[in-house]
Every structure is written in C-alpha cells, then in structure tokens.
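None of the values given here were measured: they were computed from a predicted structure.
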Amino acid sequence: MADTKREIERKYELPVRPAGGDEGSLPAGGRALLPDLTKVRAVSAVTARGVTELDAVYHDTSDLRLTADSLTLRRRTGGADEGWHLKFPVGDGVRDEIQAPLSDTLPDELAALVRSRVRGTRLIPVVRLRTSRATSLLVDKAGRTLAEVALDTVHAERLLAGSGAGARTADWTEIEVELADDGDPALLDAVEKVLRKAGVRPASAASKLARALAETAPATTSHKAAKTPERAPVTAGDHVLAYLREQAGAIVSYDAAVRRGLPDSVHQLRVATRRMRSAFRTYKKVLDRDASRPIGAELQWLAGELGVDRDQEVLAERLTERVGAHDTTLLLGPVHARLRIWNAEGRTDARAGTLAVLDSARYLRLLDSMEALLADPPLLDGAGRKPAKALPRAIVKDYERLAGRVEHALTLAPGEERDLALHDARKAAKRARYAADAAVPALGKPAKRFSKRMKAVQSVLGDHQDSVVARDALRDLAIKAHAAGESAFTWGLLYGEEEARAADRERELPCVWRKSADPKLRAALGRL
C-alpha cells in the first residue's frame, strides 16, 4: 500500500572543499562545512544523525515525459524509507511524495498514477544517483525537531540509451533542508538567511534528477528534460490551440489527482473535458470539425462517465448542508444515518466506475488522439485571421444560441418541460462562458466581462438544475425510509424546500438574463 507525504524543502549548491581536517561524519570524497545553524532563531541545537548511503535509479520514458512535467519516479535502496517513490509538484519547494514498498518492478498503484502521461510508452532507467548523506536535525529547546538538514555528496550516472557523446557522469555536493511535519515555513526563510551569509546559494536545478540530466546531457543534442517554451500567440489559431493545449494538459494532470482521491479533482477533470469539447464546437472555423468531432464525441463520453461520481459528490454536499440547517426537532428518524449510508453506497459505486474508465483502453486512445491532433492541428483559413476579428464572432454565435434557449424556456409554464428547457439553457450558458474564457488572453477585459455575465446566468440555472436532481434523490430517500418503517417527514420537508428554491431561481432568471443580455456589452465585444 502506498503512503503519501507532503515534502516541503529547499535545495542549495555547496562548493566542495579540498579534503583535509577532522570534520567528523561528513561525506568522504570532499569535505564541506555547514555554517552554524544554531544562529537561526528557534534552533537550540544541531544534532548529527550520521551518514547513510543511498542508491536510487530514476525511471522515465525515453523522451523524458515525467521529467518534463516535473515528476520524479525512483527506486531507492538505503535509508529508512527505501522503496519506490513518485513525487508530484505542488508548489515552489513543495511536493507530494507517494511511497510504495521496495520491489523489483514498479508497483501497480504507482504505474496507474503516471499512466495518463506514459500510456503505452515503456518506462526505463534514465539516471542512477549514489548519494552519501550526512543528516542533522535542527531542534528547539524542548527537543522537538524543526527541520532535517542533509549534506549530500552525489555521484550521478546517465543510463538513458542513445545519449551520444558527452559526459555520462557528474559529481556535486548540495544541501537539502526539509521542514518537519506541521513545521512553520518561516523557519526555512531563517535558515536560508544564514546559509546565504555563509556564501551558500539556492540550487539552480529543481531536483537532483534535473541536475543530473543537465550535467550529463550529450554535447551534440539539447537537453529535453524541460518543455520547449511556446511562442506567444499571434493569430486566432494560436490562441485557440493554446487554450486546447491547456485543457489537454489539465486532463492529463487531473487524472492522477482523481486516482489519489484529491478534493475537487473529478470536477476539475470533467470541466477540462467540457472546455475542450466546447472549444472544438465554438471555434469550428479555426479547427476542422471533421477532425475534432470524433475526439469531441469521446470527450462527451468521458464527461458523462465522470458525471456519475461528480453528481453524487455535489448532491451529497447539498443534502448534507440542507439537513444540517434544520433544528433536530425537525429531523424525525435516523436521518443522518440514512443519508450517510446512501452517500457511501453511491460514492463507492461511482468511484469504482470512474477508476474503471481511467483504466480503460478507450480512455487511453482518447488521450493519444488528443495528443496527435494538437501535434499536427487541422487548421482552417480562419486560424490565420486576427484574434480581434475571428474570436468575437464565434462568441456572439454562442451567445445567440443561449439567448434562444433562455427565451424559449421563459415562455413555458412551470413543470417538467420547463425544467428540461432550463437545463438546455444552462449547457448553452456554460458553452458561451467557456468560449469567452478561451478568448480572454486575446481580447482582454471585454471577454472577461462577458464570461462573468455568462457565469451569473449559469449559476442561476445550475442551482435550479441541482434542485431538480435533489428532489429526485429526496423522493428516493423518502421511499426507502418509509419501507424501513422510518418517518419520511424530514425528506418530504426537504423536498418542499427544494421545490420552493427552484421556483425562486425561475423568478430570478429574467432579471439576471436582462443584465447579461446587455446590448452594450454585446456591442463592445462585437466591435473588437
């Protein structure tokens, strides 16, 4: 079973001094002195913990896909945490390290976390790092550990086949300062201040692997560990492709987050699929729809499959909040218990379904198709036009589509037909909003204001639709409660409240729509 640890650390480059002098347990092969870290406020003592020999083999694809996304995957022996380690970037100097027991082959649970990036490409050893680590603990007056300081003497060997001429090994010394669990990040600033005064500087590479790859890179080729920077978008096609690549990257990234069960990850993955599909449909004069339509259909399938998990999550949060808002005198019967059981059953089934989808061959084919399309995009004549001409026209068309749906829904009497029409309008509002979001880098404030107005419409319609779905669930809960001999009063009460809430949203919609349909706003967008 894999464990996850939040790692907050900073790395520093330390020049290696000539051997000589008695410096205790510092690594052999070069003596390096640490400054006196008891000068750091709150640090009472620096306790040496000895030297550990570490041997790590880093794995990646031959084109370094994991490294390009700042992920590291290694099999390490030596030390208290030997085993397989997969690290995901969280922020500057912050990574989540997922650990699995030592084995000869990559554990399945870690393989699943990199599958969206690797897919059918084989993982191979690319670098071996042998590190002699002298560890010290920074402790306070009470003996609590504040941070761990590691003085590492590193020998790197490039294993990646076909590297060509150039250095295949590299050696250096560095310092790692890792904050203790629940430690104060301000301590790292204080430690860095002392290190800088001693002439120690932050590392230029984000990780040992990145430095090893850079320093052992073949002399005849460029280093591929980092992504090639994209040129600034100029044409309408440039902007649409930049947006599509952003969504494709989000899908790949949130795949691992969903597998890890991170909060809101299913929602964000689903949003990225919808944004990408929406852009295909909106900007059909930029990108050939004959080529994008099959991918759009698969994105629709994926969003639908993810929707089971996401809808259960949203519905559970809504019902839990509604139940919690009532005095206990109105909660007749085991209301909380029944809601927990209902949610647990729904979430278990939904999560199993989501993971099955992400493990499916169909999903991996979709990722391959997205990658192929963006590598060689089927651009049309409209792609070469100026963004200020091509993009607003597409947005206005989506707006007109929304206007037709809203106005149709408002002519209907309250009831099931109107509920369906409002749901269709909600989807159109989302598409119009996404169209504007894609154009914000090119069009600026007009597109941003338009997106904000569309979000307001989407919010009202979304709450209405959530109420419709909630009523179906509440009716089901009432039936189950009654069949079990429990009171159905509370479920009926909540049903009535959801019915009233939906009516409120319907009364609110005309006012919100009038503001969003401001002709001046539409004219400003159309003049760009």
Side-chain angles (χ1 to χ4, degrees), residues 233 235-244 246-247 271-287 289 292-293 296 299-300 303 380 382-383 385-412 418-465 505-528:
T235 64
D238 291 340
H239 281 280
V240 171
L241 287 175
Y243 182 77
L244 289 171
E246 179 183 347
Q247 305 316 313
V271 166
T273 64
R274 286 177 160 176
R275 284 181 178 273
M276 193 171 198
R277 177 171 174 258
S278 181
F280 285 152
R281 299 167 72 187
T282 296
Y283 297 108
K284 58 188 177 183
K285 291 190 176 181
V286 171
L287 208 64
R289 283 289 286 147
S292 68
R293 188 176 289 107
L299 288 169
Q300 184 179 23
L380 301 177
R385 295 173 184 167
K386 294 180 180 180
K389 295 294 184 183
L391 302 186
R393 293 174 184 171
I395 297 171
V396 168
K397 284 188 177 181
D398 277 352
Y399 167 81
E400 290 172 344
R401 181 169 171 269
L402 167 62
R405 293 193 179 187
V406 171
E407 289 161 10
H408 168 66
L410 292 176
T411 64
L412 300 174
R418 189 179 202 185
D419 290 344
L420 292 172
L422 290 172
H423 184 42
D424 285 342
R426 177 199 181 200
K427 290 187 285 187
K430 192 178 296 185
R431 176 169 163 180
R433 175 190 167 195
Y434 290 166
D437 288 344
V440 166
L443 306 182
K445 289 183 179 179
K448 189 177 292 187
R449 288 197 299 269
F450 184 84
S451 173
K452 186 177 180 180
R453 296 289 180 88
M454 295 302 100
K455 184 177 180 180
V457 176
Q458 179 189 336
S459 179
V460 172
L461 293 170
D463 194 41
H464 180 275
Q465 175 61 18
R505 298 292 83 78
E506 291 181 33
R507 285 190 293 270
E508 183 183 357
L509 178 60
C511 179
V512 174
W513 174 244
R514 281 195 298 272
K515 291 179 180 178
S516 301
D518 184 350
K520 293 182 180 178
L521 180 65
R522 180 181 171 191
L525 193 61
R527 284 197 301 269
L528 288 174

> Going by salt bridge (charged side-chain N to carboxylate O under 4.0 Å, His left out), name the residues that satisfy it together with Arg293, two or more places apart in sequence or in a different chain.
Asp290

> So do Glu506 and Arg418 actually touch side chain to side chain, heavy atoms under 4.5 Å?
yes

> With rounding to the nearest 0.5 Å, note down the distance linking NZ in Lys515 to CZ in Arg453.
8.5 Å

> Is the shortest heavy-atom distance from the side chain of His464 to the side chain of His423 under 4.5 Å?
no

> Applying side-chain contact (heavy atoms from CB on, under 4.5 Å), name anything that partners Val460, two or more places apart in sequence or on another chain.
Arg505, Glu508, Leu509, Val512

> Grab the two heavy atoms, one from Leu443 and one from Pro392, that are nearest each other, plus how far apart they are.
CD1-CG, 3.9 Å

> What's the spacing between Leu380 CG and Arg385 CZ if we round to 0.5 Å?
9.5 Å

> What residues form a side chain to side chain donor-acceptor pair (under 3.5 Å) with Gln465, not counting sequence neighbours?
none

> To the nearest 0.5 Å, how far apart are CE in Met454 and CG in Leu461?
10.5 Å

> Identify, with sequence neighbours excluded, every residue that meets side-chain contact (heavy atoms from CB on, under 4.5 Å) alongside Thr282.
Ser278, Ala394, Asp398, Arg431, Ala435

> Leu241: what forms a side-chain contact (heavy atoms from CB on, under 4.5 Å) with it, not counting sequence neighbours?
Leu244, Arg245, Leu287, Leu374, Pro377, Leu379

> Does a side-chain heavy-atom distance below 4.5 Å link Val240 with Phe280?
no

> Which distance, rounded to the nearest 0.5 Å, do you find between the CZ of Phe450 and the OH of Tyr399?
7.0 Å

> Can you name the residues that form a salt bridge (charged side-chain N to carboxylate O under 4.0 Å, His left out) with Lys452, not counting sequence neighbours?
none

> How would you list all residue pairs meeting side chain to side chain donor-acceptor pair (under 3.5 Å) that involve residues 432-446, not counting sequence neighbours?
Arg275-Asp437, Arg433-Gln458, Asp437-Ser451

> Tell me every residue that passes side-chain contact (heavy atoms from CB on, under 4.5 Å) with Pro233, counting only those two or more places apart in sequence or in another chain.
Asp238, His239, Ala242

> Just how far is it from atom CD of Gln300 to atom CZ of Arg274, taken to the nearest 0.5 Å?
9.5 Å

> Specify the closest pair of heavy atoms between Leu410 and Pro510, including all atoms of both residues, with the distance to one decimal.
CD2-CG, 4.1 Å

> Of all the heavy-atom pairs spanning Ala439 and Tyr283, show the shortest one and how long it is.
CB-OH, 4.0 Å

> Of the non-hydrogen atoms in Ala236 and Leu391, which two are nearest, and what is the gap between them?
CB-CD2, 4.1 Å

> Quick one: closest heavy-atom pair of Ala436 and Ile395, and the distance?
CA-CD1, 3.9 Å

> Give every residue pair that meets the side chain to side chain donor-acceptor pair (under 3.5 Å) criterion with at least one member in residues 401-411, sequence neighbours excluded.
none

> How close do Ala429 and Leu402 get, heavy atom to heavy atom, and via which atoms?
N-CD1, 3.6 Å

> With sequence neighbours left out, what residues match Arg393 under side chain to side chain donor-acceptor pair (under 3.5 Å)?
none

> Are any of the side-chain heavy atoms of Lys397 and Lys285 separated by less than 4.5 Å?
yes

> My understanding is that only residues two or more places apart in sequence, or in another chain, count here; which of them pass salt bridge (charged side-chain N to carboxylate O under 4.0 Å, His left out) with Arg277?
none

